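Input: a single structure, listed below in structure tokens.
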Amino acid sequence: MTDKNETQATTEAEGPRNFLRDAVAADLAAGRITKVITRFPPEPNGYLHIGHAKAMCIDFGIADEFGGFCNLRFDDTNPTKEEQEYVDAIRTDIRWLGFDWGSHEHFASDYFEQLYEFACELIGKGLAYVDDHSADEIRSHRGTLTEAGLESPCRTRSAADNLDLFRRMRVGEFADGAKVLRAKIDMAAPNLMMRDPVLYRIRHAEHHRTGTAWCIYPMYDWAHGQSDAIEGVTHSLCDLAYEIHRPLYDWFIANLGIFPSRQIEFARGNITYTVTSKRRLLQLIETGRVSGWDDPRMPTLCGLRRRGVPPEAIRRFWKDVGVAKRENNIEVGLLEYYMRNHLNKVAPRVMGVINPIKLTITNYPEDQAEELDAVNNPEDASAGTHKVPFGRQLWIEADDFMEDPPKKFFRLSPGREVRLRYAYFITCNEVVKDEAGKVVELLCTYDPATKGGDAPDGRKVKATLHWVSAAHAVPVEVRLYDRLFSVENPTDVAEGQDWLDNLNPESLTVLSTCFVEPVAGQLGVGSTCQFERLGYFCVDPDSTASKPVFNRTVTLRDAWTKEQTKGR
RNA sequence: UGCCCGGUCGUUCAAUUGGUAGGACAACGGAUUUUGGGUCCGUCUAUCGAGGUUCAAGUCCUCGCCGGGCAGCCA
């Protein structure tokens, strides 16, 4: 009874069901396995991105849910593309996201010897052969989607000859591309993956871990499933792209008689206004569209981190999105919702003015100064309060004033009274303009009786404005980010069109004349805060002692802007 | 053209495995509010199509339609 209830509670706490969990649970229930082991298998040839985060949430999440563990396995079987630098970056990003693989770290390259032996075994069984064909010949012999392929003349070589040739491939007797080892399956198979796939290719290249110990390297299909088996991985969860590889995955297991890992595929998560293909991300960098892999507009984990996106938001996003097998394109607005949702609970509030206009309180004594109490987080009383200096001259947001306001504009305008947050009610009496007619200063009066922000007589104001005391303001740079692309599906382009044309020219706005209150000026790199009414911000590594730089992670929900842009 | 996989509100994931189509986000109302934030309450138009099996079909069967994937010595 209690057991059942607990099980149920856990299931509910973990969210809705999905086919992956059902499959794992079924395997456990059927006794096919007794412990769940999954794996997250990045190739160390680039940086992890938001899409990898989904895979991690699934791989680590499923293992954790069933009391098992998840191996981190670097799929380093192609020496020409992989580097130690990426291994380090990947470890950092996984930890940052919040996953811990403990001692379960592996490299496919650790299994090169074992993989070689497996290959010899297959050769011995007459199920693999050395082919002298060139890459071009192999391709042309593969057949097409509708026609069977042609068998290579090498296919009939004896096991002894194949074994000898394969050994000589290993010791470096042949040049790159001279020979390959192929599985002997079926050149007429309707699934092209089964038409004698290549298992090993010759590459006289230095590997970031094995150096020059090897000059033959296993292909993905030969390395992945066997690595899974070696590690006892019970469930190898991967992208739908590998669906057609599964028959081959199973064929190797069956013919080698090794641990029967089960591959199950799920749909990758696409996000609107975003691209994640490594090739495209690289192109963005190489063409100077973004500053690098960690540009805050990039969907890479290092980019999101620099942007100030909390890892909790990413994990929660993928968890709640769920997993299925159909193609999807998730609204980026959902990710933003989880960012705000998390940041709202943890980000300290400060005041910062990013588009300043001067405001002078004409009836505030020249020499007077005071410190007011500001709440650190209205969502969390335990966060306490801090002091914010006030004075005769202030910076307020230019957007918060309109000389000739439309009906629904609640903020400051001539003759109107508003509240300065945590301070006083003020009324705008006069507008100072420059020669060009641009408003450069607002002359206001304040009501000393409203200190703290409430009027003793109970009168109300329709707006509360944020502000920064000019005498105490810390000058900072603020970088505003918008979507990198201006269309939902950036890679959907007509013939002759370039996906780069879909870039949003206004994805980055640098504001160099901004002011924040003193406590905000002291935040360290990576710190997150909310600029009241403007959004969540994060201190960028580009910050210097004299000039902090803030990245806007995401805006607050903004009913006013929405109202304004309604009818366009 | 061959094989494989998919098709449920605008988006995404569910539906006790054949039994009242539900959640989240978005949107739209309202309340509250010292952030046009937040919170709370409410509303919200979906099973690709046609047959069939059944007391009962999103779920099973048949035939269509639509979308995606596959011909690297990449992973």
Side-chain angles (χ1 to χ4, degrees), chain A residues 15-18 22 41-43 45 75-78 80-82 108 131 133-136 138-140 142-149 176-182 189-195 197-203 216-217 219-221 223-224 238-247 265 267 269 272 278 317 320-338 340-341 344-345 349 351 375 378-379 408-411 419-423 452-454 460-466 488 530-535 555-563:
Chain A
R17 277 171 53 183
N18 67 57
D22 289 350
E43 181 187 13
N45 72 338
D75 228 338
D76 56 347
T77 58
N78 187 350
T80 61
K81 293 188 169 182
E82 298 145 6
D131 195 342
H133 274 354
S134 68
D136 281 346
I138 287 177
R139 189 181 319 119
S140 64
R142 186 149 25 229
T144 67
L145 295 176
T146 53
E147 303 158 32
D176 286 6
K179 296 186 187 320
V180 291
L181 182 73
R182 302 177 71 178
N191 179 346
L192 291 305
M193 290 310 305
M194 303 298 276
R195 319 246 263 224
V198 172
L199 270 33
Y200 275 93
R201 75 286 216 186
I202 300 172
R203 281 251 207 294
I216 57 171
Y217 291 93
M219 294 288 289
Y220 164 84
D221 286 297
H224 203 96
C238 63
D239 193 293
L240 237 26
Y242 296 96
E243 206 161 30
I244 53 164
H245 294 245
R246 179 154 32 92
E265 314 83 14
T272 56
K278 205 165 285 175
F317 165 72
D320 286 3
V321 157
V323 57
K325 288 187 76 169
R326 69 166 131 163
E327 301 295 324
N328 59 68
N329 204 12
I330 302 150
E331 291 172 346
V332 70
L334 185 61
L335 211 210
E336 292 168 349
Y337 163 80
Y338 285 104
R340 295 185 182 109
N341 193 47
N344 178 47
K345 287 177 229 143
R349 271 58 168 175
M351 291 195 283
V375 169
E379 305 295 314
K408 288 189 173 172
F409 186 82
F410 304 151
R411 284 111 98 144
R419 170 167 43 231
L420 290 180
R421 178 140 233 223
Y422 301 125
D454 276 314
K460 303 289 185 192
V461 289
K462 293 190 82 173
T464 300
L465 273 36
H466 60 275
E488 279 197 8
Q530 180 194 106
F531 284 5
E532 296 227 25
R533 303 207 300 136
L534 297 179
T555 62
L556 255 28
R557 280 187 64 203
D558 186 353
W560 169 235
T561 301
K562 197 195 291 179
E563 175 68 30

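Bear in mind the structure is a predicted one, so any value in this text is a computation, not a measurement. To find a chain, count down the sequence lines: A is the first, B the second, and so on, and within it residues start at 1.
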Among C3(B), G37(B), G36(B), the nucleotide that comes nearest once only the side chain of Asn344(A) is considered: G37(B)

Single hit among Glu532(A), Arg411(A), Arg421(A) for side-chain contact (heavy atoms from CB on, under 4.5 Å) with Leu465(A): Arg411(A)

Ranges pairing with ranges for RNA chain B, where each run has three or more Watson-Crick or G-U pairs under 3.5 Å: B:2-7 with B:65-70, B:10-13 with B:22-25, B:27-32 with B:38-43, B:48-52 with B:60-64

Nearest-Å distance once atom P is located in both U43(B) and G49(B): 27 Å

Residue pair Val332(A) / Thr272(A): nearest heavy atoms and the distance that separates them: N-OG1, 2.8 Å

Atom C1', compared across G42(B) and C48(B): separation rounded to whole Å: 32 Å

Gly149(A) backbone acceptor or donor facing Arg142(A) side chain under 3.5 Å: no

Between C1' of U12(B) and CG of Asn18(A), the distance in whole Å: 13 Å

C1' atoms of A15(B) and G58(B), separation to the nearest Å: 9 Å

Main-chain N/O of Gly143(A) paired with Glu147(A) side-chain donor or acceptor, under 3.5 Å: no

B/S/- contact track for nucleotides 17-26 of chain B, protein heavy atom under 4.0 Å: B------SS-

C63(B) versus C3(B) - spacing of their P atoms, nearest Å: 13 Å

Donor-acceptor contact below 3.5 Å, side chain Asn344(A) vs main chain Glu379(A): no

Under 3.5 Å donor-acceptor pair, Glu265(A) side-chain atoms to G69(B) base atoms: no

Ala324(A), nearest nucleotide to its side chain (from U12(B), G36(B), C13(B)): C13(B)

Under 3.5 Å donor-acceptor pair, Arg533(A) side-chain atoms to G36(B) base atoms: no

Donor-acceptor contact below 3.5 Å, side chain Arg139(A) vs main chain Ser134(A): no

Interatomic distance at C1', C61(B) relative to G23(B), whole Å: 31 Å

Side chain of Thr146(A) - closest among C70(B), G38(B), G2(B): G2(B)

Any side-chain heavy-atom pair of Arg182(A) and Val198(A) under 4.5 Å: yes

Candidate pair Phe317(A) and Tyr337(A), rule side-chain contact (heavy atoms from CB on, under 4.5 Å), full reasoning: CA-CA 9 Å; Phe317(A) 165 72; Tyr337(A) 163 80; over 6 Å; no

side-chain contact (heavy atoms from CB on, under 4.5 Å) evaluation trace for Arg533(A) with Thr464(A): CA-CA 9 Å; Arg533(A) 303 207 300 136; Thr464(A) 300; 5.7 Å; no

Residues that Asn45(A) engages under side chain to side chain donor-acceptor pair (under 3.5 Å), provided they are two or more places apart: Glu43(A), Lys278(A)

Torsion-based syn/anti label for U53(B), 90° from 0 as limit: anti

Protein-nucleic acid N or O pairs under 3.5 Å, nucleotides 65-68 of chain B:
residue, atom, partner, partner atom, Å
G68(B), O2', Glu327(A), OE2, 3.3

Sugar-phosphate, base or nothing in reach of Phe531(A), heavy atoms under 4.0 Å: nothing

Distance between C1' atoms of C44(B) and C25(B) (Å, rounded): 13 Å

Whole-Å P distance, C41(B) and G36(B): 23 Å

Chi-angle category of G72(B) [syn within 90° of 0, anti beyond]: syn

A26(B) to U20(B) separation - P atoms, rounded to the nearest Å: 29 Å

Of Asn329(A) and Tyr422(A), the one whose closest RNA chain B nucleotide lies more 5': Asn329(A)

Are there any protein N/O atoms within less than 3.5 Å of an N/O atom in nucleotides 41-49 of chain B, and if so, which ones and at what distance?
none

Step-by-step side-chain contact (heavy atoms from CB on, under 4.5 Å) determination, Arg349(A) to Val375(A): CA-CA 7 Å; Arg349(A) 271 58 168 175; Val375(A) 169; over 6 Å; no

Between protein and nucleotides 71-75 of chain B, what N or O pairs are separated by less than 3.5 Å?
residue, atom, partner, partner atom, Å
A71(B), O2', Arg142(A), NE, 3.1
G72(B), OP2, Arg139(A), NE, 3.4
G72(B), OP2, Arg142(A), NH2, 3.4
C73(B), OP1, Arg142(A), NH2, 3.3
C73(B), OP2, Arg142(A), NH1, 3.4
C73(B), N4, His133(A), O, 2.8
C73(B), N4, Ala135(A), N, 3.0
C73(B), N4, Gly177(A), O, 3.1
C74(B), OP1, Arg203(A), NH2, 3.1
C74(B), OP2, Arg201(A), NE, 3.2
C74(B), OP2, Arg201(A), NH2, 3.0
C74(B), OP2, Arg203(A), NH2, 2.2
C74(B), O3', Arg201(A), NH2, 3.1
C74(B), O2', Asn78(A), ND2, 3.2
C74(B), O2', Lys81(A), NZ, 3.4
A75(B), OP1, Thr77(A), OG1, 2.8
A75(B), OP1, Arg201(A), NH1, 3.2
A75(B), OP1, Arg201(A), NH2, 2.8
A75(B), OP2, Tyr220(A), N, 2.9
A75(B), O3', Asp75(A), OD2, 3.3
A75(B), N6, His245(A), NE2, 3.2
A75(B), N3, Tyr242(A), OH, 2.7

Integer-rounded Å distance: C5(B) C1' and Asp239(A) CG: 12 Å

side-chain contact (heavy atoms from CB on, under 4.5 Å) evaluation trace for His224(A) with His245(A): CA-CA 11 Å; His224(A) 203 96; His245(A) 294 245; over 6 Å; no

Side chain Thr555(A), main chain Gly535(A), donor-acceptor under 3.5 Å: no

